[in-house]
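Single-structure report; data block below.
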Amino acid sequence: MNLPYEPSLEINNFSRLFDNTSECYKFFWFQAILTKILEGKDTMTFEELIDEMIADAWYMVTEYHLNLGPNDALEKVVNYLQETTQMKSSEKKEVILEFLKNCSDREVNEKKRTLRRNVPYRLQAPFMEYVKGKEWNVSERARIAKINQEKRLIYYFSEFNGMNTTIRIEPDWLVYIHKNQEIIRGWIQYNMITYLQRRNPSVPGIVEKLYPPQERKLEKVKKYWKLLLELHPMKEIYGHNELNGQSISIDHFVPWSYVAHDEFWNLHPTTKSINSSKSNNLPDWDIYFPQLVSLEYQSYEMMWKYDSVHAAFEKCAKEHLNSFEIQGRLYREGLSLNEFSDSLEEVIRPVYQSAKNCGFRNWIYSE
C-alpha cells in the first residue's frame with residue numbers, strides 16, 4: 001500500500017515503520033499517536049499514549065480473544081485489568097481511559113512501564129542512520145539524547161521523566177498526517193490485519209475484529225422466524241421456553257465475536273434474557289447441538305411446505321447465505337433429519353471447535 005509522496009519528508013522511511021514487526025506494539029503506539037494528533041494535539045505523554053494502546057486493544061483481546069503475540073505485554077495488561085476490575089468486554093473506550101487515568105494498581109503500572117521501554121524509541125528505527133545494534137541497549141535517558149540528535153524524525157522527546165516523558169510531533173509531519181489521515185489510518189489497519197492474521201491463523205473475520213462491532217442487521221432473519229411461529233408453536237433450544245414472535249432474540253450459536261458474520265446456519269431464535277445470559281460463550285455441544293438440529297430441521301421442513309416461508313427464506317438467503325456450496329448442502333429439497341443433521345454438523349463443528357481452541361468458554365443454561 002503506497003503512501004502519498006511529500007518531497008520535504010522522508011516518506012520512504014515512514015512507509016517502513018512496520019517492517020520487521022515481531023510484536024504488535026508498533027501498530028498500537030502509532031495508532032495512538034494518530035488519535036491524539038486528530039484530537040488537535042502536537043505533544044503527548046508516554047502515559048496517555050500507552051493508555052490509548054490498552055483501550056484500543058481491549059475489545060479485540062477480551063471479546064474476540066485475539067492473540068497479540070508471544071508473551072505480549074499489551075495482551076497481559078488487558079487480561080489482568082479484566083480479571084481484577086468490573087469492566088465488561090464491551091466496555092466503552094472512554095470508560096477504560098478514565099479508569100486507567102486514575103489507576104494506581106502496582107501491577108498495571110509495572111506492565112505499562114514494560115510497554116514504555118522500547119516501542120516509543122524503536123518505531124522510528126527506519127529513520128535512524130546512527131542508532132544501531134548495541135546502541136539501543138542503553139538507559140532511556142541516554143537513548144533519548146542519542147535519538148534527539150537524528151534529523152527529520154516524525155517526533156522528538158522531552159527530557160526523560162518516566163511515564164510523564166512527552167513526544168513532540170514535528171510541524172511538517174502534523175500537516176502531512178492531517179492531510180492524509182484516512183489513507184494513513186487504512187495503512188495502519190492493513191498492516192495490523194496482516195500481523196493479526198499471522199498470529200491467529202484459524203480465526204475468521206480479522207478485519208471485523210479491530211474495533212467493537214457496528215449494529216448488526218438481523219431483521220430479515222427475525223421476520224422469518226416470526227412467520228414460522230405464526231404457523232406453528234416452537235420452543236427455544238436452551239431452556240425449552242415457548243417462543244413468542246413479539247419478543248424473540250436472534251442468537252449466534254457460535255458467538256458472533258468469533259465468527260464475525262451473520263450466516264443463516266448459525267442463527268436461531270431464543271429469548272432476550274437467555275441471549276444476554278449466553279453472551280459470547282459457547283453452548284455445550286453435547287446438550288445443545290441436537291436441540292439446534294431439531295429446531296433448524298423444523299424450519300427446513302416448513303420452508304419446503306409453505307410458499308410464504310420459502311419466499312421469506314429466499315430473502316434471508318440473499319443477505320445471510322454467502323456460500324452457494326453450503327446452501328446446496330443444507331437447504332436443498334428432500335433431506336431426511338439424519339442427512340440434515342450430518343450436513344449441519346459438517347458446517348458448524350469445525351467453527352465451534354476452533355472457537356473453543358481460542359478460549360471461548362463452555363456454557364450451560366441455568367434459570
Side-chain angles (χ1 to χ4, degrees), residues 1-21 23-57 74 93-94 97 100-101 112 115-132 135-136 138-192 210-211:
M1 183 175 181
N2 294 324
L3 293 168
Y5 179 67
E6 174 54 58
S8 64
L9 300 173
E10 299 284 353
I11 302 303
N12 183 54
N13 289 335
F14 181 60
S15 69
R16 294 170 50 224
L17 289 187
F18 305 130
D19 286 3
N20 305 315
T21 303
E23 302 286 351
C24 71
Y25 311 133
K26 291 179 182 179
F27 306 116
F28 288 96
W29 174 259
F30 190 67
Q31 183 171 263
I33 290 174
L34 176 63
T35 297
K36 295 303 177 185
I37 289 174
L38 298 182
E39 289 176 0
K41 295 186 175 184
D42 60 1
T43 62
M44 49 213 75
T45 67
F46 283 5
E47 183 110 54
E48 62 184 318
L49 288 171
I50 289 172
D51 286 353
E52 192 80 25
M53 290 170 67
I54 294 168
D56 282 344
L74 185 56
K93 182 176 179 178
E94 53 267 30
L97 287 172
L100 290 168
K101 183 179 178 181
K112 287 167 70 170
L115 291 168
R116 182 197 77 204
R117 288 181 187 127
N118 283 304
V119 67
Y121 313 112
R122 289 185 178 269
L123 178 75
Q124 297 189 99
F127 289 84
M128 298 180 196
E129 184 178 351
Y130 302 110
V131 184
K132 304 289 184 183
E135 293 185 340
W136 289 107
V138 295
S139 70
E140 289 181 82
R141 196 177 303 277
R143 202 180 302 170
I144 284 174
K146 184 76 172 177
I147 291 171
N148 280 349
Q149 296 175 21
E150 296 282 332
K151 306 295 185 183
R152 307 183 78 180
L153 299 183
I154 302 169
Y155 59 83
Y156 292 88
F157 302 88
S158 68
E159 184 177 351
F160 180 69
N161 187 23
M163 295 299 286
N164 291 318
T165 307
T166 63
I167 67 169
R168 185 192 74 256
I169 311 299
E170 288 295 276
D172 288 349
W173 281 106
L174 278 175
V175 172
Y176 179 84
I177 290 169
H178 273 286
K179 180 181 177 182
N180 301 291
Q181 59 184 268
E182 293 303 323
I183 296 172
I184 293 170
R185 191 188 303 278
W187 171 67
I188 297 170
Q189 291 174 354
Y190 171 79
N191 282 279
M192 189 181 289
L210 299 188
Y211 310 104

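Treat the numbers as computed from the prediction; the structure is a model and nothing was measured.
Proximity of the aromatic rings of Tyr176 and Trp173 is defined here by a centroid distance below 6.0 angstrom, and this criterion is met.
Aromatic ring pairs are classed by plane angle as parallel below 30°, tilted from 30° to 60° and perpendicular above 60°; the pair Phe46 and Tyr121 is perpendicular. Ring geometry for Phe27 versus Phe18: interplanar angle of 30 to 60°, hence tilted.
Contact detail for Arg152 and Ser8: the closest heavy-atom pair is NH2-O, 2.5 Å. Counting all heavy atoms, side chain and backbone alike, Asp56 lies closest to Gln31 at OD2-NE2, 3.2 Å. For the pair Glu47 and Lys112, the tightest heavy-atom approach, listed with the atom from each and the gap, is OE2-NZ, 2.6 Å. Here the shortest heavy-atom pairing between Met44 and Lys41 reads CE-O, 4.0 Å. For the residue pair Gly162 and Thr165, the shortest heavy atom distance occurs at O-OG1, 2.7 Å. The shortest heavy-atom contact between Leu97 and Ala55 is CD2-CB, 3.8 Å.
Of the inter-residue distances, the one linking Arg168 atom CZ with Asp42 atom CG reads 8.5 Å to the nearest 0.5 angstrom. The CD1 atom of Ile37 sits 4.5 Å away from the CD1 atom of Ile169 when rounded to the nearest 0.5 Å. Atom-to-atom distance recorded for Lys26:NZ and Met192:CE is 13.5 Å, nearest 0.5 angstrom. Considering CG of Asn2 and OG of Ser15, their distance stands at 8.5 Å, rounded to 0.5 Å. With rounding to the nearest 0.5 angstrom, the CD atom of Glu170 is 10.0 Å from the CG atom of Leu9. Expressed to the nearest 0.5 Å, how far CD1 of Ile154 lies from CG of Asn13 amounts to 9.0 Å.
Between Arg117 and Glu140 no salt bridge is recorded (no basic side-chain N to carboxylate O distance below 4.0 Å).
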Worksheet item: Taking it one step at a time, do Ile177 and Ile184 satisfy side-chain contact (heavy atoms from CB on, under 4.5 Å)?
Response: CA-CA 7 Å; Ile177 290 169; Ile184 293 170; 4.0 Å; yes
Worksheet item: For Lys93 and Glu52, what are the C-alpha separation, side-chain angles and deciding distance, and is it a salt bridge (Lys or Arg N to Asp or Glu O under 4.0 Å)?
Response: CA-CA 9 Å; Lys93 182 176 179 178; Glu52 192 80 25; 2.4 Å; yes
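Here the side chains of Phe157 and Arg143 are not in contact, with every heavy-atom distance at 4.5 Å or above. A 4.5 Å side-chain heavy-atom check between Leu74 and Met53 finds at least one atom pair inside the cut-off. Put simply, the side chain of Phe127 reaches to within 4.5 Å of the side chain of Leu17, judged on heavy atoms. No side-chain heavy atom of Val119 sits less than 4.5 Å from a side-chain heavy atom of Phe28. At a threshold of 4.5 Å between non-hydrogen side-chain atoms, the residues Pro4 and Ile183 count as touching.
Partners of Glu39 by salt bridge (charged side-chain N to carboxylate O under 4.0 Å, His left out), not counting sequence neighbours, listed by chain and number: Lys36. Checked against salt bridge (charged side-chain N to carboxylate O under 4.0 Å, His left out), Arg141 has the following partners two or more places apart in sequence or in another chain: Glu159. For Lys179, the side chain to side chain donor-acceptor pair (under 3.5 Å) criterion is met by no residue, not counting sequence neighbours.
Although no hydrogens or angles enter the test, the distance criterion places a donor-acceptor pair under 3.5 Å between the side chain of Gln181 and the main chain of His178. Listed for the Tyr25 side chain is no donor-acceptor partner under 3.5 Å among the backbone atoms of Leu123. Using modelled atom types, no side-chain atom of Thr166 and backbone atom of Thr43 make a donor-acceptor pair closer than 3.5 Å.
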